[in-house]
Amino acid sequence: MDIDFKEYQLSSELRGHEDDVRGICVCDNVGIATSSRDRTVRFWSLDPSDKRKYHSSKILLGHTSFVGPLAWISPNAEFPEGGLVSGGMDTMVLVWDLRSGEKVQTLQGHKLQVTGVTLDNEDIVSSSVDSTLKRWRKGKLVEFWEAHNAPIQTVIRIPSGEIVSDTVRGLSVMPGVGIISASHDCTIRLWALTGQVLMEMVGHTAIVYSIDSHASGLIVSGSEDRFAKIWKDGVCVQSLEHPGCVWDAKFLENGDIVTACSDGVTRIWTVHSDKVADSLELEAYASELSQYKLSRKKVGGLKLYDLPGLEALQIPGTSAGQTKVVREGDNGVAYSWDMKEQRWDKLGEVVDGPDDGMNRPILDGIQYDYVFDVDIGDGEPTRKLPYNRSVNINVPSVNFAEVYNPYDAADKWLLKENLPFSYRQQIVEFILQNTGQKDFTLNTSFRDPYTGAIPAKPTFKHIPKKGMLIFDAAQFDGILKKIMEFNNALLSDLEKKNLSMSELETSRVAAVVKILKDTSHYHCSSFADVDISLLLKLLKTWPPAMIFPVIDILRMTILHPDGASLLLKHVENQNDVLMEMIEKVSSNPTLPANLLTGIRAVTNLFKNSSWYSWLQKHRSEILDAFSSCYSSPNKNVQLSYSTLILNYAVLLIEKKDEEGQSHVLSAALEIAEEESMEVDSKYRALVAIGTLMLEGLVKKIALDFDVGNIARVAKASKETKIAEVGADIELLAKQS
């Protein structure tokens, strides 16, 4: 349909999601589907009483982590009212019947987040961060391609029948012309099907996440810069501001636009006057935008709402020239203390640096290109770091506004703040990253003028993790008592009496416990081979509800050098009883005691390097078996699983196993995103993420997973160690 361009205005808001709206699917004229970080898919139908509004008619529950891409199945014999395909962070592709609102197919095969789904006739094609494309037919995997050497972010089918995938953030068909793409580099490109770039559209100031086109020739894009931009003939003709990141944007057939925002709201925008929201709704949205911007507004690097009011000027200054910034209305205003007159003199309004599109910020009465907040850590207060990229010849030489070399800036600032020069290199790299000087050559001739030392590498407070964590505490008497209790129960059950231990066998178990108690002689004590055989026999034959104390004995045996060695020989020479144990404890219905002791036993294997090959070989099976533990209501199970993930991160970095690191990263991110996660569990998952980014091979994948957002949430935590490791990860992300 051909439409002349007119200004878009807000039509309606679709509220219901409890977290970021990540994806949009236009379902012909039937309705709109949206996906969210809240793990749900919602289907919205037109409100029969108000044709400009939609109501949530279906909530589809099935994903265990955030949901992203969606595809519409038009009504047919199998889906009379249509269907949906969804992909999630949980690696699943799910198929839904809209008539019942139920999940009818679960397509398992991807190892990492599913980033795209599209229909190819009756087949489903999915893309993933695991760098593969998979074709599904009637619920079965029929074909797959390892088409890229990097995470695939999107997949579409073009009218000629070809499947197009890419590592950019978004793709869409431009009818009769070619394909348009949205990218990390903040640009949009129009491509001919031959691969030739026909046009580049520049206007966004952050990652462009989504792109769509309309038959009228209009293009709409959504970006992290909070704008949905509308383009015509390569020119941005309108920018729709949002109170958060715009994850997705799609055209309806009538030319209206649907946007998905990180504030959890889906919005409809229209050029049709009869569909524009009423004046109260428009005023409410304008107020929401204003409040959002004020909450984010910074003055000299400080949040506006954190500044004191005018009452702060009633407190006298302590030295001549002391500067104080206070909030006056919607602005921050700087005052300087006049010691002679004993009064505060107004210097003027304080604004932030060029990155926020405002005037240059003021610090201590001087304007700079940048004023940064620097968190030193170790309980130190946040400091203000001023920096200019060029010399200001109008400022006296004693002022920091002269500084333009990052080493000079760091040296003078550290001296002023009375901070150790061990921070020097970290400050320099912080300046370079945050002022866009990535090509600046780090010249080793810049040495500490006081010590002559060459600058040190950046340091982080909690990463990388070195060494393995284990569970080495045990109540041996209680464990042995429980084993004997279960054995007596078997003896008294005529049908299960044959499973019980003999008197000799019970004495052998007691002997094992005695050896394990005597930790001071681990270097010279040993087990009989029959001891290990007995424990493995009990694991194999006893009922599932009775094996947890046996696993606990095995957990501690693994920490004994001779026990670990003997157990490995049994696993290598016979059936792998350990993998059978893992399968048994993780099979439904699961018992918390079995899960807890099972995960801890596997985690303790990391203490002995002779087990590393086995752990690497069975990594996929082990992590898949325990993958549901991150959402367990049992806090001890959560912590044990997070510890397993952290140990795997350390091991697979050592082994340079990129596929394994990707798997572990995905599992750690699931833990980090779980809001109800116990503090220590979340901390260990975050340390795993940071360690993988810093020393592993998956930093790019982590950035594609939106790890920066996870870091920002962690950094805002009230728990000190969560906030600190969040800051470590955020710094790593900024160094990309």
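Quick caveat: nothing in here was measured; it's all calculated off a predicted structure. Side chains included, hydrogens not; waters and symmetry mates left out as well; all remaining heavy atoms used.
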**Q.** Test log, rule side-chain contact (heavy atoms from CB on, under 4.5 Å), inputs I257 and T259
**A.** CA-CA 7 Å; I257 292 171; T259 56; 3.9 Å; yes
Q) So S86 and W96, side-chain contact (heavy atoms from CB on, under 4.5 Å) or not? Walk me through it. A) CA-CA 8 Å; S86 61; W96 309 85; 2.9 Å; yes
Q: Answer yes or no: is there a donor N or O on one side and an acceptor on the other, between the side chain of S632 and the main chain of V637, under 3.5 Å?
A: no
Q) Quick one: salt bridge (charged side-chain N to carboxylate O under 4.0 Å, His left out) partners of K111, sequence neighbours excluded? A) E659
Q.
Between R267 and D263, is the salt bridge (charged side-chain N to carboxylate O under 4.0 Å, His left out) condition met? List the steps.
A. CA-CA 11 Å; R267 294 177 174 85; D263 68 347; 2.8 Å; yes
Q | Pair R99 + E81, salt bridge at N-O below 4.0 Å | A | no
Q: Please step through salt bridge (charged side-chain N to carboxylate O under 4.0 Å, His left out) for the pair R226 and E241, ending with a clear verdict.
A: CA-CA 6 Å; R226 300 191 300 105; E241 189 174 8; 3.1 Å; yes
Q) Is it the case that more than 12 heavy atoms not belonging to E621 sit under 6.0 Å from its CD atom? A) yes
**Q.** Exceeds 12 heavy-atom contacts within 6.0 angstrom, atom CZ of F144
**A.** no
(Q) For H663 and Y648: C-alpha separation, side-chain torsions, deciding distance, then whether ring pair (Phe, Tyr, Trp, His ring centres under 6.0 Å) applies. (A) CA-CA 10 Å; H663 191 179; Y648 256 121; 8.5 Å; no
**Q.** Test side chain to side chain contact (heavy atoms under 4.5 Å, CB included) applied to H242 and Y292, Y285, W247, the passing residue
**A.** Y285
Q. Is it the case that more than 12 heavy atoms not belonging to N76 sit under 6.0 Å from its CG atom?
A. yes
(Q) Check this for me: E583, atom CD, are more than 12 non-hydrogen atoms of other residues, nucleotides or ligands nearer than 6.0 Å? (A) no
Q: Please step through salt bridge (charged side-chain N to carboxylate O under 4.0 Å, His left out) for the pair E724 and K715, ending with a clear verdict.
A: CA-CA 6 Å; E724 289 175 347; K715 191 178 175 183; over 6 Å; no
Q: Taking only Lys NZ, Arg NE, NH1 and NH2, and the carboxylate oxygens of Asp or Glu, determine whether R137 and E143 approach each other closer than 4.0 Å.
A: no
Q: Taking all non-hydrogen atoms of both residues into account, name the closest pair between A688 and A649 and its distance.
A: CB-CB, 4.1 Å
Q: Take the angle between the ring planes of Y630 and Y641 and call it parallel below 30°, perpendicular above 60°, tilted in between.
A: tilted
Q.
Apply side-chain contact (heavy atoms from CB on, under 4.5 Å) to residues S36 and F66 and explain how you reach the verdict.
A. CA-CA 6 Å; S36 171; F66 77 72; over 6 Å; no
(Q) Quick test of your reading of the model: are E675 and R39 salt-bridged, counting only N-O distances below 4.0 Å? (A) no
Q: May I ask you to decide if the ring planes of F251 and H214 are parallel, tilted or perpendicular, using 30° and 60° as cut-offs?
A: tilted
Q: Might you point out which heavy atoms bring E146 and T132 nearest each other, and give the distance in Å?
A: CG-CG2, 4.0 Å
Q: Mark yes or no for whether D248, through its side chain, and I24, through its backbone, hold a donor-acceptor pair below 3.5 Å.
A: yes
Q. Does the pair K134/D130 count as a salt bridge with the N-to-O cut at 4.0 Å?
A. no
Q. Between S717 and A723, is there a donor-acceptor pair closer than 3.5 Å when you use the side chain of the first and the backbone of the second?
A. no
